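Everything below concerns the one structure shown next.
Counting from 1, the numbers follow the sequence of the chain as shown. Given the structure is predicted, the values throughout are model-derived calculations rather than measurements. Remember, it's 1-based here, ligands and their atoms both numbered in the order they're listed.
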Amino acid sequence: MSFTILKKHELVPTIHQMEITAPRVAKKAMPGQFVILRINERGERIPLTIADFDVQAGTITLIFQEIGKTTCQLASLAAGGLIADVTGPLGTPSTIGKFGTVVCVGGGVGIAPIFPIARALLEAGNRVISIIGARSADILFWEERMDAASSELHITTDDGTKGHHGFVTEVVQNLLERGKQGAHSEPGEPDGHNGQIDRVIAIGPPVMMRAVAGVTKPFGVKTVVSLNPIMVDGTGMCGACRVLVGGETKFACVDGPEFDAHEVDFTLLMSRLAMYLPEEKEAIDCKATAELAAGRQ
Ligand code: FES
């Protein structure tokens with residue numbers, strides 16, 4: 001059985017949005033879960049977070065960045081094209097509860113997976129303060145969706161072309177400090193009205209998630225990150241996605257992908273992610289890859 005690409009477009013340079021017919025996946029999908037797809041029978045298996053899903057239409061939305069051979073091949077496909085396998089939903093869903101005020105941080109392509117989580121947290125009655133960041137305004141996406149899924153939205157760009165000139169961590173720090181002051185001056189107010197931050201969830205490049213964890217730790221605010229290690233089977237059998245959390249080995253595909261940010265060994269995560277970089281570099285000529293995939297070589 002193949003999966004049909006209904007819509008596909010380049011959101012911003014090198015980041016693509018793809019809507020696929022996958023009724024069984026859409027029916028069971030929950031925020032925080034992912035799929036593993038293979039473009040063709042001989043293709044590599046890659047994990048992609050489910051950025052949105054529509055049970056009625058039987059579709060899922062995936063966002064991906066051209067970072068390796070397979071994502072470049074995927075980028076070369078158009079609406080009407082077929083994908084050999086889409087397995088999922090996989091992983092443990094995000095914990096959605098009524099926490100009070102939750103800060104949702106999405107960095108770069110991490111804006112896509114943070115969206116359904118922010119929306120579910122807002123629907124669950126939380127005050128959701130979202131922060132989305134990118135290197136520059138021209139690669140920032142889903143601002144309107146994030147605005148609709150949040151009580152308050154902050155934008156940051158590294159180069160200052162939109163919103164706060166700097167990193168998401170600076171806004172997180174400001175919010176935590178504001179919350180601390182508010183909590184002290186107005187201790188009787190209910191959660192969400194005194195600025196107190198009750199939970200932070202951050203998704204983005206590992207270096208960003210590590211920085212957010214470093215900022216929130218002194219404030220003692222529960223912080224969750226969604227890890228993106230290399231995955232192969234997605235079912236806890238191969239061990240490719242192993243991460244160290246609180247000194248214990250965990251498999252991100254079944255035990256995660258979300259973990260307590262203050263317990264994650266980010267150094268190990270980053271060194272494991274760098275393991276195949278030489279091979280990816282060799283395969284990363286996207287134009288040649290796309291031409292090969294289309295048989296135009
Ligand atoms: S991807 Fe194989 S154990 Fe997680």
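- A salt bridge does not link Arg45 with Asp85: every distance from a Lys NZ or Arg NE/NH1/NH2 to an Asp or Glu carboxylate oxygen is 4.0 Å or more.
- Metal site remark for atom 4 (Fe) of ligand 1: Cys241 contributes an N, O or S atom at a distance under 2.8 Å.
- Closest protein heavy atom to atom 3 (S) of ligand 1: Gly239 N, 3.1 Å.
- Annotation for ligand 1: atoms under 4.0 Å from non-hydrogen atoms of Met237 are 3 (S).
- The ligand atoms of ligand 1 that sit less than 4.0 angstrom from a heavy atom of Gly234 are 1 (S), 2 (Fe).
- Contacts between Arg242 and ligand 1, counted as non-hydrogen atom pairs separated by less than 4.0 Å, are absent for every part of the residue.
- A distance of 5.0 Å separates NZ of Lys162 from CD1 of Ile155, quoted to the nearest 0.5 Å.
- A salt bridge links Arg178 and Glu152; the closest N-O separation between the charged side-chain nitrogens and carboxylate oxygens is under 4.0 Å.
- Classification of the Trp142-Phe115 ring pair by plane angle, with boundaries at 30° and 60°, yields perpendicular.
- Asp233 has its closest N, O or S atom to atom 2 (Fe) of ligand 1 at the position named OD1.
- Rounded to the nearest 0.5 angstrom, Arg199 CZ and Phe99 CZ are separated by 3.5 Å.
- Only the backbone of Val232 comes within 4.0 Å of ligand 1, judged by heavy-atom distances.
- At a cut-off of 2.8 Å, Cys253 is not counted among the residues with an N, O or S atom near atom 2 (Fe) of ligand 1.
- Those atoms of ligand 1 that come under 4.0 Å of a heavy atom in Gly236, given as number and element, are 3 (S).
- Applying the side-chain contact (heavy atoms from CB on, under 4.5 Å) test between Val35 and each of Thr49, Ile20, Ile46, Leu62 identifies Leu62 as the sole match.
- Scanning both residues, Leu74 and Ile39, for their nearest heavy atoms gives N-CD1, 3.5 Å.
- Near Cys238, the atoms of ligand 1 lying under 4.0 angstrom from a non-hydrogen atom of the residue are 1 (S), 2 (Fe), 3 (S).
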